[in-house]
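Report on the structure given below.
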Amino acid sequence: MANDRPDVKQFANESVAYEYFLQLYNAGDFTAIRNWASANQGGNQASSRLLNLFGASCLTLGDANGAENYFRSAIKLNPKSAFARNNLGSVFFKTGQFALAEKNFTRALALDPDLEDARASLALVYLKKGQIPKAKYHFKAALRKNPNHLNTLHGYAQLFLQTKDFDQAKRYYSRVVSLAPNLISARINLAKCLIERDETGLAKEQLDSVLKQDPQNFIAHLNIGSIYQSEGNISLAKDYFDSAANLKPDSVDPLLASALASTLENDFTEAKKKLVEVLQLEPKNGRAIIVLAQCLLKLEQPYKALEALYGGDDIEMLNQSAEYHDALCMALSETGNRLESVKHGITATELEPLKIEYIFNLASSQFSLAGRETIELLYEKARRIAPNSSEVFFQWGVYHFHSKRWNEAIEVLNKAIFLDNTRAELYAVRGSCFYEDKNLRDAVNDMKLCYQIDPENKINLELIIKIASETFDWETIQKVSARVFNLNAPS
């Protein structure tokens, strides 16, 4: 012994020591390796490869400082070790020091041009720095030498995912999964590619495989919920979102997703509750602010909607959001501030000129301010954008209805019904036009058609009361009035 410190434990020689610690490493007992190395100050007379093993154990445990010290000691013992240089580069990559990572990976390749891990890692550095051509060059070079090098395939797939080339990303992630079926991150990213390609069934298969390996995987629960939501299975989607929320109570993503799912069920009270929770966790979450305001508008609470929206007026992202300005347009209109409402409505349509819903809301906000020609031009613009949309003609018809132009409203609503004869509200509004135009026969026909599609349509129920009052049908008036009251009652 050179001094009083123990050498590499009481092992017969370095090879025996290395084999012992390699077995621990392969078994995943990184803590035991780090604890021994720390207690024995790295091991007196330890070899470069042992120091690399100690450093790798520290890095796996998140101890970047310990890993850096061991790798530097390994380089000091063997300056020509490409392996040690590559490992030191990995420390800098994991800690976000990409310039130092690039320097060490480049040195490793200079020492050993065939070191595939170093080339793949250097490519990842360029990917992180946004230097896509350089990253591609090194990924391709590595794959030419070894087409099945896992880290290279995984990195190359990541490049395509990052650049939104989902076809190629799917191709390379599929190869990664075939080589490493238990690599969860690859399966999750493959599922993302499949979702983007509208292959949701295959995506769900990948995510189900993830949950078999890791039932508590947060991302898998969240993404499966999104798939069910896209398929219209809102109840099951919410179950997965709630599971994700239980796994990560401090994460806003599942709460926000569940709130959005509730809006699809028109359960705005439940959505509001979850959005409040989101904003308690993340007060400046712009998406949550907008959706909360939309829910409050649906719940006929425009002043509270304004309060929510103005609470986010210092968020730069919101000022550039058409959806934010559209929500302000509606809230201000419903609280009587039509001049400000029009200003925000114009901003929304300028930011997203092809969004017909924003055009409708701008037209509505101008109802008492602008002339008929101005408003008609907005509906005509919406018609040009979506010539086969029944919603365009429905909104146009509603405008004429509120303007008491019954015949023009009926003419436009006829076009809406021609495009979609399954919408209850179309018959309800047209029936109301017939009623106001003293055409009781056609009003009754539309009332019946609407009732067959949606017995709970409030406009139609109110029409039924009006028609019943014409014949003094007090029993019908009493029954329907009770239903209207129940529909209007706060939940």
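It should be emphasised that the depicted structure is a prediction, and the values quoted were computed from it without experimental measurement. Numbers for residues simply follow the sequence, beginning at 1. The basis for the numbers below is simple: all heavy atoms, side chains too, and nothing from hydrogens, waters or symmetry mates.
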Taking atom [atom1] of [X] and atom [atom2] of [Y], what is their separation to the nearest 0.5 Å?
X	Y	atom1	atom2	answer
Leu297	Leu306	CG	CG	8.0 Å
Ile289	Leu309	CD1	CG	8.0 Å
Asn87	Ile75	CG	CD1	8.5 Å
His344	Leu328	NE2	CG	4.5 Å
Leu275	Leu260	CG	CG	7.0 Å
Ile290	Cys295	CD1	SG	12.0 Å

*Taking NZ, NE, NH1 and NH2 as the nitrogens, is one of them in Lys192 or Glu196 under 4.0 Å from a carboxylate oxygen of the other?*
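Glu196 and Lys192: not salt-bridged.
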
_salt_bridge(Asp242, Lys274) N-O dist < 4.0 Å_ =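 The answer is yes: the pair qualifies as a salt bridge.
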
Do you know the tightest heavy-atom contact between [X] and [Y]?
X	Y	result
Ala348	Ala322	CB-O, 3.5 Å
Asp112	Ala82	CB-CB, 3.6 Å
Leu161	Ala169	N-CB, 3.7 Å
Leu419	Pro387	CD1-O, 4.3 Å
Glu265	Ser235	OE2-N, 4.2 Å
Ala416	Phe393	CB-CB, 3.7 Å

Distance-only side-chain donor-acceptor flag, [X] / [Y], under 3.5 Å:
X	Y	value
Glu323	Ser321	no
Glu391	Gln395	yes
Asp420	Thr422	yes
His149	Asp117	yes
Ser262	Lys238	yes
Arg338	Ser333	yes

_Stepwise side chain to side chain contact (heavy atoms under 4.5 Å, CB included) test for Thr349 and Lys355_ = CA-CA 7 Å; Thr349 56; Lys355 190 86 168 181; over 6 Å; no

*asked:* Looking at Tyr18, I'd like to know if the NZ or CZ of Arg49 sits under 6.0 Å from its six-membered ring centre while staying within 45 degrees of the ring's axis.
replied: yes

_Under 6.0 Å between ring centres: does that hold for Phe360 and Trp396?_
no

*Got a donor-acceptor contact below 3.5 angstrom from the Thr263 side chain to the Asn266 backbone?*
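No, the answer is negative, given that no donor and acceptor are paired below the 3.5 Å cut-off.
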
In this structure, are over 12 heavy atoms from other groups packed under 6.0 Å from [X] atom [atom1]?
X	atom1	answer
Phe92	CZ	yes
Glu307	CD	no
Lys284	NZ	yes

*asked:* Going by the rule salt bridge (charged side-chain N to carboxylate O under 4.0 Å, His left out), which residues pair with Glu340 if we only count those two or more places apart in sequence or in a different chain?
replied: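 Glu340: salt bridge (charged side-chain N to carboxylate O under 4.0 Å, His left out) contacts with Lys343.
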
_salt bridge (Lys or Arg N to Asp or Glu O under 4.0 Å) between Arg72 and Glu68, intermediate numbers included_ = CA-CA 6 Å; Arg72 287 192 182 280; Glu68 182 181 346; 3.0 Å; yes

Show me the side-chain donor-acceptor pairs of residues 177-187 shorter than 3.5 Å, one per line, residues at least two apart or across chains.
from   : atom 1 : to     : atom 2 : distance (Å)
Ser178 : OG     : Arg175 : O      : 2.7
Arg187 : NE     : Pro181 : O      : 2.9
Arg187 : NH1    : Gln206 : OE1    : 2.7
Arg187 : NH2    : Pro181 : O      : 3.3

*Check against ring pair (Phe, Tyr, Trp, His ring centres under 6.0 Å), Phe54 and Phe21*: CA-CA 9 Å; Phe54 297 158; Phe21 287 113; 5.4 Å; yes

Donor-acceptor pairs are to be reported for all side-chain atoms of residues 122-143 against protein atoms at under 3.5 Å, with residues two or more places apart or in another chain.
from   : atom 1 : to     : atom 2 : distance (Å)
Tyr126 : OH     : Glu102 : OE2    : 3.1
Lys129 : NZ     : Glu102 : OE1    : 2.6
His138 : ND1    : Arg119 : NH1    : 3.0

*Classify the angle between the aromatic ring planes of His154 and Tyr173 as parallel (below 30°), tilted (30 to 60°) or perpendicular (above 60°).*
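It falls in the perpendicular class, over 60°.
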
*May I ask you to decide if the ring planes of Tyr172 and Phe160 are parallel, tilted or perpendicular, using 30° and 60° as cut-offs?*
parallel

For a quick test of your reading: what N or O donor-acceptor pairs under 3.5 Å do the side chains of residues 221-229 make, sequence neighbours left out?
from   : atom 1 : to     : atom 2 : distance (Å)
His221 : NE2    : Pro215 : O      : 2.9
Ser226 : OG     : Leu222 : O      : 3.2
Tyr228 : OH     : Lys204 : NZ     : 3.3

_Residue pair Leu377, Lys381: steps toward the side chain to side chain contact (heavy atoms under 4.5 Å, CB included) verdict_ = CA-CA 6 Å; Leu377 284 172; Lys381 177 183 177 183; over 6 Å; no

*Check side chain to side chain donor-acceptor pair (under 3.5 Å) between Asn35 and all other residues, then give those that pass, not counting sequence neighbours.*
none

*Under the side-chain contact (heavy atoms from CB on, under 4.5 Å) rule, collect the residues that match up with Leu281, sequence neighbours excluded.*
Asp250, Val252, Leu255

